[in-house]
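Just passing along the structure, written as structure tokens.
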Amino acid sequence: MPTIQVDDGQVSLHYHDAGTGDPNVVLIHGFPFNSGQWRPQLESLAERCRVIVPDLRGFGDSPLSPVPYTVIRLADDIAELMAALGIGRAVVCGLSMGGYVAFEMFRRHRECLAGLVLADTRPQPDSDAGRLNRARLAGIARSEGSGPVVEELLPMLVAPVTRQRRPEVVEQLREMMMAARPQAIADALMAMAARDDSVPLLAEIDAPAMVIVGSDDAIADAADTREWAVRIPDAGLAVIAGAGHVSNLEQPETFDAILFDFLDSLPGAAG
């Protein structure tokens, strides 16, 4: 994978760059995953457009951040990566933690966005209890390693039907999560705990937008997602039946179809 320096050379971001043509698409992975989360979409999207899939700092092949960071900094990393690759505008698609980054991309780098896809994510900040729980998990990661955190989180990430019918997806997620370094897990947890409230941002989103959620998402509740998605002007909403929090891996064909329909709907799309 190629590498680009961001944050004044403090961090090397590894990324996949595949396909050609418009629109450019940037896929931002969730926690505690890496760019491998998007393997099905990387393959399908590359047949019709250029797709960039980075490893966020600390995850995958990107080295640990030398300093604590924020979700804002992750968005700046993506904007710097796009600029270095000569990409003026792109459809930015983020899932879970990647969705938090996508919200910040709109807040800070609106000019970079040709469209916004928010998958299995939430605009609300953590509650006090949620922040305390993230701090607890960060402490476990630092003291006991990645394993206990992975085993606590994994059951919440996939729908019951996925566990029953697609156990290979569960094992793929476990392998990807276990590869995450304990410090990367702790850093990301604390960054997410401190993220800004994006609810006031919803009514201001003027980029074409699509919201996607799994019907059985135990983290980004589908009913709650329906409530906030309607606050984004003209946004589309798709609920993927039988999917949990990692809908792009649990139901990749359905996820891809939704994504392709959205890309075809953009101004200037060839269709």
Side-chain angles (χ1 to χ4, degrees), residues 4 6-8 10-11 13 15 23-31 33 38 52-59 62 65 67-85 87-127 130-131 134 187-213 219-220 224-237 259 262-263 266-267:
I4 280 180
V6 298
D7 197 6
D8 293 325
Q10 292 193 81
V11 172
L13 285 190
Y15 63 95
N24 300 298
V25 178
V26 177
L27 303 175
I28 309 175
H29 65 78
F31 167 84
F33 310 137
W38 293 110
I52 309 297
V53 190
D55 284 326
L56 296 177
R57 56 172 68 197
F59 292 95
S62 293
S65 179
V67 294
Y69 60 83
T70 63
V71 173
I72 290 172
R73 182 61 251 178
L74 295 179
D76 290 349
D77 288 350
I78 298 299
E80 290 182 30
L81 174 65
M82 289 175 57
L85 294 174
I87 297 174
R89 300 174 73 232
V91 174
V92 172
C93 173
L95 185 144
S96 189
M97 179 177 72
Y100 305 154
V101 179
F103 278 121
E104 287 298 336
M105 284 293 294
F106 178 81
R107 196 192 317 265
R108 294 174 61 80
H109 304 286
R110 169 65 185 89
E111 71 283 357
C112 294
L113 298 182
L116 193 61
V117 180
L118 303 163
D120 299 289
T121 193
R122 301 183 301 127
Q124 301 93 336
D126 282 353
S127 64
R131 284 188 285 270
R134 291 199 198 272
D187 287 347
L189 282 164
M190 300 314 296
M192 289 188 289
R195 73 186 186 279
D196 290 335
D197 184 359
S198 291
V199 172
L201 197 69
L202 297 175
E204 300 176 13
I205 295 177
D206 58 356
M210 170 60 69
V211 179
I212 303 173
V213 67
I219 298 174
D224 178 67
T225 299
R226 287 188 178 95
E227 292 183 8
W228 64 256
V230 299
R231 299 178 62 179
I232 302 176
D234 301 317
L237 171 65
L259 189 55
F262 175 68
L263 296 178
L266 296 177

Exercise. Can you measure from CD1 (Ile212) to OG1 (Thr225) and round to the nearest 0.5 angstrom?
Key: 11.5 Å
Exercise. Using side-chain contact (heavy atoms from CB on, under 4.5 Å) as the criterion, point out the one residue from Thr70, Asp126, Val101 that pairs with Arg195.
Key: Asp126
Quiz item: Should Arg57 and Asp7 count as an ion pair when the cut-off is N to O under 4.0 Å?
Solution: yes
Quiz prompt | Distance in Å, Ile4 CD1 paired with Tyr15 OH, rounded so as to fall on 0.5 Å steps | solution = 4.0 Å
Quiz item: Does the side chain of Ile72 reach to within under 4.5 Å of the side chain of Asp196, using non-hydrogen atoms?
Solution: yes
Quiz prompt | Heavy-atom pair with the smallest gap, counting every atom of Ile205 and Pro233 | solution = O-CD, 3.5 Å
Exercise. For Asn24 and Leu85, run side-chain contact (heavy atoms from CB on, under 4.5 Å): C-alpha distance rounded to whole Å, both residues' side-chain angles, the deciding distance at 0.1 Å, then the answer.
Key: CA-CA 11 Å; Asn24 300 298; Leu85 294 174; over 6 Å; no
Quiz prompt | Minimum side-chain heavy-atom gap Ile219-Ser96 below 4.5 Å | solution = no
Quiz item: Of all heavy-atom pairs between Pro267 and Pro208, which one has the smallest distance, and what is that distance?
Solution: CD-CG, 4.5 Å
Quiz item: What heavy-atom pair brings Glu204 and Phe106 nearest, and what distance separates the two atoms?
Solution: O-CZ, 3.2 Å
Exercise. Without swapping roles, check the side chain of Ser198 against the backbone of Leu201 for a donor-acceptor pair under 3.5 Å.
Key: no
Quiz item: Less than 4.5 Å apart, any side-chain heavy atom of Glu104 and any of Leu74?
Solution: no
Quiz item: Roughly how far apart are Arg131 CZ and Met190 CE, rounded to 0.5 Å?
Solution: 10.0 Å
Self-check item: Heavy-atom pair of closest approach, residues Ala114 and Val91
Solution: CB-N, 4.2 Å
Quiz item: Which atoms form the tightest heavy-atom contact between Ala90 and Met82, and what is the distance?
Solution: CB-CE, 3.7 Å
Quiz item: Would you say the side-chain atoms of Arg89 pair up with the backbone N or O of Leu113, donor to acceptor, closer than 3.5 Å?
Solution: yes
Exercise. Start with the C-alpha distance between Phe103 and Thr121, add both sets of side-chain angles, then the distance that settles side-chain contact (heavy atoms from CB on, under 4.5 Å), and finish with yes or no.
Key: CA-CA 10 Å; Phe103 278 121; Thr121 193; 4.3 Å; yes
Practice problem: Answer yes or no: are there more than 12 heavy-atom neighbours, outside Arg73 itself, under 6.0 Å from its atom CZ? | Solution: yes
Quiz item: How far apart are the C-alpha atoms of Asp76 and His109, what are their side-chain angles, what is the distance that settles it, and do they pass the side-chain contact (heavy atoms from CB on, under 4.5 Å) test?
Solution: CA-CA 8 Å; Asp76 290 349; His109 304 286; 2.7 Å; yes
Quiz prompt | Side-chain heavy-atom pair Glu80, Leu13 within 4.5 angstrom cut-off | solution = no
Exercise. Using atom types as modelled and distance alone, determine if a side-chain donor or acceptor of His29 lies under 3.5 Å from a backbone N or O of Trp38.
Key: no
Quiz item: Does any non-hydrogen side-chain atom of Val199 lie less than 4.5 Å from one of Arg231?
Solution: yes
Quiz item: What closest approach, in Å, do Val213 and Asp120 show between heavy atoms, and which atom pair accounts for it?
Solution: CA-OD1, 3.4 Å
Practice problem: For the residue pair Tyr100 and Arg122, establish whether any side-chain heavy-atom pair is separated by less than 4.5 Å. | Solution: yes
Quiz item: So do the side chains of Val92 and Ile28 get within less than 4.5 Å of each other, counting heavy atoms only?
Solution: yes
Exercise. Measure the shortest side-chain to side-chain distance between Leu116 and Phe262 over non-hydrogen atoms and say whether it is less than 4.5 angstrom.
Key: no
Self-check item: Leu56/Met97 under side-chain contact (heavy atoms from CB on, under 4.5 Å): CA gap, chis, key distance, verdict
Solution: CA-CA 10 Å; Leu56 296 177; Met97 179 177 72; 3.7 Å; yes
